[in-house]
Amino acid sequence: MRYTTLASGSNGNCTYVEGNDTRLLIDAGLTAKQLERNMETLGIDPGSMDAIVVTHEHIDHVRGVGVLARRYGLPIYASAGTWGAMASIIGKIKPEQIKTLELEMFLEIRGLKLEIFPTPHDTSGSIGLTVSDGRRRMGLATDSGYVTRGMGRRLLGCDAIILEANHDVRMLQEGPYPYALKRRVAGQQGHLSNRAAGEALVKFCEQGTRQVLLAHLSETNNRPELALETVATCLRDGGFAVALTLTNDRCGDAIALSVAPRYDAHPLVAV
Ligand SMILES: [Zn+2]
Ligand SMILES: [Zn+2]
């Protein structure tokens, strides 16, 4: 199985996963044109996708969903709440392309097994998920105010995790956002801080996770070096060796740690 991010951050998010002859996009938050270009830089044919899974309706996750789905005839999987909020944003979709997810469920999309779980975010039904090809399992959770017990349970034991490290708490507090927005971002339905991500990752790495890709960094309230440093410190304090890497490929027993680029594709990673 292989995965990568095609874009990450409040400008737009898109994750790509392939395995068992099946190719998924999770969110499509840049324009279709930008995402197609980012796929092509990795040698991925945009016409070879099998489905789009949408985590929630915020524009940084759905901007390109409608165009990609219509252009390539792709089914779109999203929760009922997300469909309700997203339908008017993504334009006309044929009924046979509309697939509704429960907030907690297992499903198979062609050769890949997915587990869907709810995430705490200011939306009408946002989800995280794990994807398995039967041999390896990777997990994805962004846009979460905190790591709920349910999320922790589902992500435990994943070989690789893409986890939000949205903001540095101090940069957010001292930064230019208005008070209400600071409260929203730091709140229980907002976004995960670097430290919260690091603390959760210690538990996941204790159960075997060895590849960690930090995602959805704030442009205003975070810096890639700071996210890496904060998470690496948590992991080292937890007793792990950490390998800071650009590729996120497995590094023996050390935790391979990298950051998802904002506008460009991260290299494809084998899990
Ligand atoms: Zn987002
Ligand atoms: Zn969001």
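Atoms within a ligand are numbered from 1 in the order they appear, just like the ligands themselves.
For the pair Met1 and Arg135, the minimum side-chain heavy-atom distance is 4.5 Å or more.
Ile52 and Val67 are assigned to two separate hydrophobic clusters, defined by single-linkage of ILVMFWY side chains at heavy-atom distances under 4.5 Å.
No hydrogens or angles considered: nothing links the side chains of Thr220 and Ser218 as a donor-acceptor pair under 3.5 Å. Side chains of Thr245 and Ser258: a donor-acceptor N/O pair is absent below 3.5 angstrom, by distance only.
Around the Zn ion (ligand 1), the protein atoms of type N, O or S that sit closer than 2.8 Å are Asp60 OD2, His61 NE2, Asp143 OD2, His216 NE2.
Screening Asn38, Leu268, Leu24 for a side chain to side chain contact (heavy atoms under 4.5 Å, CB included) involving Tyr16 leaves a single residue, Leu268.
A salt bridge links Arg154 and Glu104; the closest N-O separation between the charged side-chain nitrogens and carboxylate oxygens is under 4.0 Å.
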